[in-house]
Participant: 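The structure is given below, and queries will be raised subsequently.
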Amino acid sequence: MDSKRNSRRELLKAGAALAGGITLGTGGKAQAQHDHPMTPGSENASPMIHGSKEQIEYGQRSKYVTSVRVQHPIGGRPSPDVFGKVFHVATPLQDSVGVITPSSLHYIATTRGSFLPDIDPKQHTLTIHGLVDRPLTLTMDELKRFPSVTRLHFIECAGNRHNGKQKTVQDTHGMTSCSEWTGVLLSTLLKECGLKGSAKWFVAEGAEEVKGASSIPIEKAMDDCIIAYGQNGEPLRPQQGFPVRIMVPGFEGIYHTKFLRRIKLVDRFYMNYNEFGHLRPEDKELALGEQIGPKSVITYPSGTQRLPGPGFYEISGLAWSGGGAVKTVEVSTDGGKKWNRAEFKNTPQRMAHVRFAYPWKWDGTETAILSRCTDEIGQRQAMREEIANWWKVPFERDYRVPGLDNSVMPWKIARDGSVTNGLA
Amino acid sequence: MGSLNLLRVVTIPLLLGSLLGSTAFAQSPTYGVGRTPTAEEIRRMDISIGPTGEELPPGRGSAKEGAQVYAQKGCVGCHGAAGIGGLAPILQSKQGADVPVWKKERILPLRAPHATIVWDFINRGMPLGLEGTLTPNEVYSLTAYLLFINKVIPEDQVLDKQSLPKVKMPIGDEYGKPHQFKLNAPRLEGYPY
């Protein structure tokens, strides 16, 4: 009752002050100068940001949130390089929550560095030709008239390899990201064009300066490829292929051709510059470089972070697979002796990140934490030693996993709570 | 007998009609959105060169001409004289002739399984900053020059639509071939991880 009267008096006073000519915009400062104690708890703990045109038109994150992308790999080719090309840039997974990567923080990769085409969507068209009955050219407005799909999918770069030299989870695993993509199924468009039976592969080509192109099997085209124009509720970002890219769910990043301008249906494998870059001596290694294997990583606690002391922590991480949905994730808090089933924070979807967690009471002793997953087609994530054994090669410290590296990632926790790379 | 005949006379055309109707439906576009590009438009945009080179345009060139084009078109400024010493990737191997190709540098005109890929990449992506300005003759010449400095072809060999796809590349058949992709199947049969 008292407080009610007090606040009423405050309000009246403030009104009088306003009428007396005090200008707006001084915020909490003016209040702090009151000559009598304020209602306990009603003072502002922080400065107030006043509305502005920019704030209203396009929201910015807080100035206290400073998480940014970094060049990948550390010590590798810089982005931008001397020519102004961007090569590989990693997303800050250590700060991620949930499964969606903010579009501004989505990892970036190009075959061998690329400029960013500044495409006017009104001028851009997509043409489908080759082994079809009716070639088709679509403007972006026309593309959007077709029935659409909206799906969650990760994209991961083949360069997302972890080794003992890296420090943070951004360095070890930051070349994967997950977005909600909206677009038209490629199968819808290919049916519209009348796909010929002789079509076995298609070449997807972009509009950047090197016109990066990839060859993709037709089975994949008719299954789940998306000609995507939307990302996380808005048009694709330029760095993600504005105005249109192809999603090839579960295939390594390079196949997801950005700035898509042409799809050519062909009767055989066309080796483009992109595929040349992936050339390997062995068929087997090549096969392990197309579809992403089952993979998971703990993002908290992870390298360079520090646990303030013994007690409760929710271990949290991401799991994904190019083979389908993730089925199970297990976490070990004793260096891999005992494995415990982790819980999912969202429903696992095909070729999408899933957020997993495991509740843990740290007793303050030195240990290592690890995660591993299986997917719905029965593939499982393995330790590096297991993989070397399967290939019947001696396991060494710097063992290179053939194809894409989906091996288990350990984080070491020291007695002082500091977290470091368990492969170091 | 008479009535059966009558039945036949009536049903066969009906059946045929519905069959034709359904196939015609399957073949016609469902949405009718977009336009058909002209053959000329497709020819102009189709820069994908397959391993047999059927999309290659007419034209010709040899390493001798290519050396000149390499200097004139600014390749030398980024890739260095004869493909060594620039800021852009090297285009000539520094390794001896006896070193196996997989032990040599990853250089397109050396490691590519088909010479058509060299042609295709120069045509679509070089010279950086002025892409799409080379004539077919210039691309044939540059391809010949880069193959020559990597000791793949002799200096006087002329490359054209017929001879380019036939160039024997040093890698031969010693590279992994794409496997038959299967939906919802493990990456590699028998591989559990």
Side-chain angles (χ1 to χ4, degrees), chain A residues 82-83 112 127 129 133-139 142 145-146 191-194 203 205 209-211 213 215 217 219-220 223 261-262 264 266 268-273 276-277 279-288 290-291 293-294 322-324 377-382 386-387 390 403 406, chain B residues 26-39 41-42 45-52 55 78 87-89 102 106 108 111-114 116-118 120-121 123-126 128-129 131-132 171 174-193:
Chain A
V82 284
F83 299 103
R112 220 169 168 185
T127 295
H129 72 104
D133 292 335
R134 289 173 306 278
L136 185 64
T137 295
L138 296 171
T139 63
E142 285 164 347
R145 285 170 59 189
F146 284 87
K191 282 177 208 151
E192 183 78 359
C193 295
V203 179
E205 179 183 276
E209 82 287 3
V210 287
K211 286 130 214 132
S215 288
E219 291 81 359
K220 189 68 181 164
D223 188 43
R261 68 171 194 179
R262 194 165 67 90
K264 178 180 180 177
V266 293
R268 74 197 73 178
F269 174 65
Y270 271 40
M271 187 181 287
N272 303 283
Y273 185 67
F276 162 72
L279 217 56
R280 296 285 177 273
E282 297 288 333
D283 296 4
K284 281 182 182 169
E285 188 169 359
L286 205 68
L288 294 173
E290 181 182 73
Q291 185 175 296
I377 60 167
Q379 302 180 109
R380 73 178 181 85
Q381 187 182 10
E386 292 179 82
I387 297 170
W390 193 89
N406 65 325
Chain B
Q27 280 176 358
S28 69
T30 309
Y31 305 101
V33 177
R35 68 177 182 86
T36 310
T38 65
E41 278 179 298
I42 294 176
M45 70 173 78
D46 187 6
I47 55 169
S48 298
I49 312 295
T52 52
E55 298 95 338
C78 288
L87 286 172
W102 277 109
R106 181 200 131 170
L108 181 67
R111 196 183 279 184
H114 313 286
T116 48
I117 310 169
V118 185
D120 175 298
F121 182 74
N123 182 54
R124 72 171 61 218
M126 290 293 140
L128 187 63
E131 306 84 15
I171 200 165
E174 289 163 36
Y175 62 95
K177 311 293 180 303
H179 69 308
Q180 176 62 44
F181 169 75
K182 286 197 201 83
L183 288 174
N184 306 317
R187 305 190 283 164
L188 180 64
E189 218 160 296
Y191 187 71
Y193 314 128

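The shown structure was predicted, so the numbers you read here are calculated from the model rather than taken from an experiment. Every chain is numbered from 1, with letters handed out A, B, ... down the list of sequences.
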Participant: Which bit of B:L128 is near chain A, if near means a heavy-atom gap under 4.5 Å: side chain, backbone, both or neither?
Facilitator: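 It is the side chain, since no backbone atom gets that close.
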Participant: For B:Y193, which atoms come within 4.5 Å of any heavy atom of chain A: side chain, backbone, both, or neither?
Facilitator: both
Participant: Could you give the distance from CG (B:L188) to CD (A:E290), rounded to the nearest 0.5 Å?
Facilitator: 11.0 Å
Participant: So which part of A:R145 gets closer than 4.5 Å to some heavy atom of chain B, the side chain, the backbone, both or neither?
Facilitator: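 Interface part for A:R145: side chain.
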Participant: Between A:E192 and B:G32, which heavy-atom pair has the shortest distance, and what is it?
Facilitator: OE2-N, 2.7 Å
Participant: In Å and rounded to the nearest 0.5 Å, what is the CZ to CD distance from B:R35 to A:E142?
Facilitator: 8.5 Å
Participant: Does B:T30 reach the side chain of A:F146, with side-chain heavy atoms less than 4.5 Å apart?
Facilitator: no
Participant: Given the options A:K220, A:E282, A:R261, A:K264, which has more heavy-atom pairs under 4.5 Å with chain B than any of the others?
Facilitator: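 The candidate making the most pairs under 4.5 Å is A:K264.
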Participant: Tell me, side chain or backbone of B:E189 under 4.5 Å from chain A's heavy atoms, or both, or neither?
Facilitator: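 When you check distances to chain A, no heavy atom of B:E189 falls under 4.5 Å.
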Participant: Do you know which of A:D223, A:T139, A:V82 has the most heavy-atom pairs under 4.5 Å to chain B?
Facilitator: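 Looking at each option in turn, the highest pair count goes to A:D223.
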Participant: What part of B:L87 lies closer than 4.5 angstrom to a heavy atom of chain A: side chain, backbone, both or neither?
Facilitator: both
Participant: Which value, rounded to the nearest 0.5 Å, describes the distance between A:R262 atom CZ and B:D46 atom CG?
Facilitator: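 Nearest 0.5 Å value for the CZ-CG distance: 4.5 Å.
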Participant: Hey, what do you get for CG (A:L136) to OH (B:Y31), rounding to the nearest 0.5 Å?
Facilitator: 12.5 Å
Participant: What is the minimum heavy-atom distance between B:P178 and A:L286, and which atoms define it?
Facilitator: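 Heavy atoms of B:P178 and A:L286 come nearest at N-CD2, 3.7 Å.
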Participant: Please classify the contact of B:I171 with chain A as side chain, backbone, both or neither, using a heavy-atom distance under 4.5 Å.
Facilitator: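 Looking at B:I171, just its side chain touches chain A.
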Participant: Work out which heavy atom in B:S28 is nearest to a heavy atom in A:R134; give both atom names and the distance.
Facilitator: C-NH2, 3.9 Å
Participant: Using non-hydrogen atoms only, which part of B:A185 is less than 4.5 Å away from chain A: side chain, backbone, both, or neither?
Facilitator: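 Just its backbone gets close to chain A.
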Participant: Below 4.5 Å from any heavy atom of chain B, which atoms of A:P135 appear? Answer side chain, backbone, both or neither.
Facilitator: both
Participant: Which heavy-atom pair separates A:E205 from B:S48 by the least distance, and what is that distance?
Facilitator: OE1-OG, 4.2 Å
Participant: If every non-hydrogen atom of B:P192 is compared with every non-hydrogen atom of A:W390, which pair is closest and at what distance?
Facilitator: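 Answer, listing the atom of B:P192 first, then A:W390: CD-NE1, 3.4 Å.
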Participant: Could you go through the side chain to side chain contact (heavy atoms under 4.5 Å, CB included) check for A:T127 and B:E41 one step at a time?
Facilitator: CA-CA 10 Å; A:T127 295; B:E41 278 179 298; over 6 Å; no
Participant: Carefully, step by step, assess B:F181 and A:Q291 under the rule side chain to side chain contact (heavy atoms under 4.5 Å, CB included).
Facilitator: CA-CA 9 Å; B:F181 169 75; A:Q291 185 175 296; 3.5 Å; yes
Participant: Return the option, out of A:P281, A:P217, A:A213, A:S215, with the maximum number of heavy-atom pairs under 4.5 Å with chain B.
Facilitator: A:P281
Participant: Hey, could you give me the CD/CG distance between A:E219 and B:N184, rounded to the nearest 0.5 Å?
Facilitator: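 A:E219 atom CD to B:N184 atom CG measures 12.0 Å (nearest 0.5 Å).
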Participant: Can you tell which part of A:Y273 gets under 4.5 Å to a heavy atom of chain B, answering side chain, backbone, both or neither?
Facilitator: both
Participant: Please find the pair of heavy atoms, one from A:F83 and one from B:C78, that lie closest to each other, and give the distance.
Facilitator: CE2-SG, 3.8 Å
Participant: Give a yes or no on whether a salt bridge exists between B:E131 and A:K211, defined as a side-chain N under 4.0 angstrom from a carboxylate O.
Facilitator: no
Participant: Does B:K182 NZ have over 12 foreign heavy atoms under 6.0 Å away?
Facilitator: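 Open: at most 12 neighbouring heavy atoms sit under 6.0 Å from NZ of B:K182.
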Participant: Please identify, among A:A382, A:G378, A:G323, A:G403, the residue contributing the most non-hydrogen atom pairs under 4.5 Å to chain B.
Facilitator: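 Sorted descending by pairs with chain B, the first entry is A:A382.
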Participant: The test is side chain to side chain contact (heavy atoms under 4.5 Å, CB included); show your working for B:Y191 and A:Q379 and say whether it passes.
Facilitator: CA-CA 8 Å; B:Y191 187 71; A:Q379 302 180 109; 6.0 Å; no
Participant: Quick one: CG on A:N272 to CD1 on B:I117, what's the gap to the nearest 0.5 Å?
Facilitator: 8.0 Å
